[in-house]
Amino acid sequence: MTETHAGRLPDSQLRRVVAVLCATEITSWGVLFYAFPVLVTSIHDDEGWSVTSLFGAFTVAQLIAAGVGIWVGRRIDTHGPRGVMTAGSVVGVVATVAIASAPTLPTFFLAWAVAGLAMSATLYAPAFAAVTGWAGTDARARVRGLTAVTLVAGFSSTLFAPLTALLLDRTDWRGTYLVLVVVLAATVPAHWFGLRPPWTPLAPAAEEAHDPADAPVSWRSAEFLLLTLAVTLAGFTVFASIVNLVPLLTQHGLSTTAAAVALGVSGAGQVAGRLLYGPLLTRLTIRRRTLVAFGSVAVTTAALAVVQSPLVAVLALAFVAGSARGIYTLIQATSVSDRWGITGYGVRNGIVSGAVMAATALAPYAGAVLAAALGDYAAAFLGLAAATVVSLVIVAVSDRPRPSPPAPRR
């Protein structure tokens, strides 16, 4: 007999919504996020706007996405993901057209600010909330769905970076964005028609219920805030080390081509880490698997700072480091639900994901600033590893096992 779980969709419907989210996540990440790094040099050359200013606009988008994430999570908790993710796709289309049409740098900034609203409603945080809500209290189904979504979305840069470069060879950066927006527009009907299954509203967050004894931990509690800090510190290391890997390896004497290959190998490692998460790490408690994941990020980040040769050793280390980063993504996605259940998941995950996105936005600048302050990128990577050790200590000291919360009432 099939085990039943509160709020869980039947297998066939759950597979369909996960498939829809796989398709929309790879597209949304590709157009709203990964196309920009490919196009930034061309935008600078054509418009004369400084690269720093261009990255500033991109950072503004991510910071706005981080700030709006709590509202998006609350909306999904109550009404489900269909409306907010469809609206996010519509806003994404409008924002991308506005970016492509921006005549001045201030209007370019404004267009990216609108894109930040779209990011908040279409990228990982709302997709994680959708999978978590529809998987209900079935932890295995939740992990399978989250793994599938992050696995497919992990190929977004692999697909959209070369596609963007190919389009750029045939038109300018504005034309490239206008072609990509046609692809992005397909996510509007995909979200509207593909996310139609019934939604069991998740119970109000603890703070809205005046913190009854059986409610999940309040987002204002030290326990939750310390977890958010730990996940954010580890996420900062993950993204700063990815962005700064090529400068580190070229400083070690590798050619730019070899360093780029190492970065690609690291990406393949992320896929492997996500595949290994379900069969291996879910056998551990959430506290132990978090310690393993953060410890792996710290060790591999420090190792990248000191291992300079031979090339095969550097590539192997890049693969292992990528695996640790892939596991981190799923640790982030399950950090709330595996500790406190799915009640109020959207709001809490919105806070955690928003903090991580803010750290992601600042990571490229902070990594370079850290390298300048400490003298080189090797020292910067050791500093990033130290930040992850701090997150490890936070989890070890503050993360105590809790009894499973009651399932939300239907």
Exercise: identify the closest heavy-atom pair between [X] and [Y]:
{"X": "Ile327", "Y": "Ala293", "answer": "CG2-CB, 3.8 Å"}
{"X": "Ser53", "Y": "Leu105", "answer": "CB-CD2, 3.8 Å"}
{"X": "Val18", "Y": "Val131", "answer": "CG2-CG2, 4.5 Å"}
{"X": "Trp29", "Y": "Ala153", "answer": "CD1-CB, 4.3 Å"}
{"X": "Thr301", "Y": "Ala385", "answer": "CG2-N, 4.0 Å"}
{"X": "Val72", "Y": "Pro126", "answer": "CG1-CB, 4.3 Å"}

Mind checking the [atom1]-[atom2] spacing from [X] to [Y]? Nearest 0.5 Å is all I need.
{"X": "Trp340", "Y": "Arg348", "atom1": "CH2", "atom2": "CZ", "answer": "8.0 Å"}
{"X": "Ile331", "Y": "Phe294", "atom1": "CD1", "atom2": "CZ", "answer": "7.0 Å"}
{"X": "Leu233", "Y": "Leu384", "atom1": "CG", "atom2": "CG", "answer": "10.5 Å"}
{"X": "Leu330", "Y": "Thr150", "atom1": "CG", "atom2": "OG1", "answer": "4.0 Å"}
{"X": "Leu362", "Y": "Phe239", "atom1": "CG", "atom2": "CZ", "answer": "12.5 Å"}
{"X": "Met85", "Y": "Ser120", "atom1": "CE", "atom2": "OG", "answer": "10.5 Å"}

Check whether any side-chain heavy atom of [X] sits under 4.5 Å from a side-chain heavy atom of [Y], and report yes or no.
{"X": "Tyr34", "Y": "Thr164", "result": "no"}
{"X": "Leu184", "Y": "Thr187", "result": "yes"}
{"X": "Leu168", "Y": "Ser42", "result": "yes"}
{"X": "Asp77", "Y": "Thr343", "result": "no"}
{"X": "Pro81", "Y": "Trp199", "result": "yes"}
{"X": "Val307", "Y": "Val314", "result": "yes"}
{"X": "Thr132", "Y": "Asn349", "result": "no"}
{"X": "Arg170", "Y": "Val179", "result": "no"}

Can a donor-acceptor pair be found, under 3.5 Å and without considering hydrogens, that links the side chain of [X] to the backbone of [Y]?
{"X": "Thr78", "Y": "Arg75", "result": "no"}
{"X": "Arg339", "Y": "Ser335", "result": "yes"}
{"X": "Thr228", "Y": "Val352", "result": "no"}
{"X": "Arg325", "Y": "Gly267", "result": "no"}
{"X": "Asn244", "Y": "Tyr377", "result": "no"}
{"X": "Arg174", "Y": "Ala100", "result": "yes"}

Task: Partner of His191 by side-chain hydrogen bond (donor to acceptor under 3.5 Å, both in side chains), out of Thr24, Thr122, Thr86 - done: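 For His191, the side-chain hydrogen bond (donor to acceptor under 3.5 Å, both in side chains) test succeeds with only one of Thr24, Thr122, Thr86, which is Thr24.
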Task: Cation-aromatic face contact Arg8/Trp134, 6.0 Å, 45 degrees - done: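 Cation-pi check for Arg8 and Trp134: fails.
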- [ ] Indicate whether any N or O donor in one side chain lies under 3.5 Å from an N or O acceptor in the other, for Thr237 and Thr388.
- [x]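 Yes, side-chain donor-acceptor contact under 3.5 Å.
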- [ ] Check the pair Phe33 / Gln62 against side-chain contact (heavy atoms from CB on, under 4.5 Å), numbers first and verdict last.
- [x] CA-CA 9 Å; Phe33 195 92; Gln62 295 173 74; 3.6 Å; yes
Task: Counterpart residues, ring pair (Phe, Tyr, Trp, His ring centres under 6.0 Å), relative to Phe36 (two or more places apart) - done: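 Counting only residues at least two positions away or on another chain, Phe36 forms a ring pair (Phe, Tyr, Trp, His ring centres under 6.0 Å) with Phe55, Phe58, Trp112.
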- [ ] Evaluate the side-chain contact (heavy atoms from CB on, under 4.5 Å) criterion for residues Leu291 and Arg287: first the C-alpha distance (whole Å), next the side-chain angles of each, then the deciding distance (0.1 Å), finally the verdict.
- [x] CA-CA 6 Å; Leu291 291 172; Arg287 179 174 181 269; 4.3 Å; yes
Task: Pair Arg142-Thr334, side-chain hydrogen bond (donor to acceptor under 3.5 Å, both in side chains): steps then yes or no - done: CA-CA 9 Å; Arg142 182 165 62 240; Thr334 58; over 6 Å; no
Open item on the list: Using the rule side chain to side chain contact (heavy atoms under 4.5 Å, CB included), only one of Leu280, Thr282, Leu281 pairs with Leu284; which is it?
Closed with: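 That would be Leu281; it is the only one of Leu280, Thr282, Leu281 passing the side chain to side chain contact (heavy atoms under 4.5 Å, CB included) with Leu284.
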TODO: Please work out whether the ring planes of Trp173 and Phe108 are parallel, tilted or perpendicular, with thresholds of 30° and 60°.
DONE: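 Correct class here is perpendicular.
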Open item on the list: What verdict does the side-chain contact (heavy atoms from CB on, under 4.5 Å) test give for Leu180 and Thr96, after you've listed the backbone C-alpha separation in whole Å, the side-chain angles of each residue and the deciding distance to 0.1 Å?
Closed with: CA-CA 8 Å; Leu180 290 175; Thr96 305; 5.5 Å; no
- [ ] Please assess Ser353 against Gln332 for the test side-chain contact (heavy atoms from CB on, under 4.5 Å), listing each intermediate value before the final yes or no.
- [x] CA-CA 8 Å; Ser353 296; Gln332 176 195 334; 3.4 Å; yes
Open item on the list: Could you check whether atom CZ of Arg289 has more than 12 heavy atoms from other residues, nucleotides or ligands sitting under 6.0 Å from it?
Closed with: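 Yes, the 6.0 Å shell around CZ holds more than 12 heavy atoms from other groups.
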Open item on the list: Does atom CH2 (Trp192) have a neighbourhood of more than 12 heavy atoms from anything else shown, all under 6.0 Å?
Closed with: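 For Trp192, atom CH2 is not crowded (no more than 12 foreign heavy atoms under 6.0 Å).
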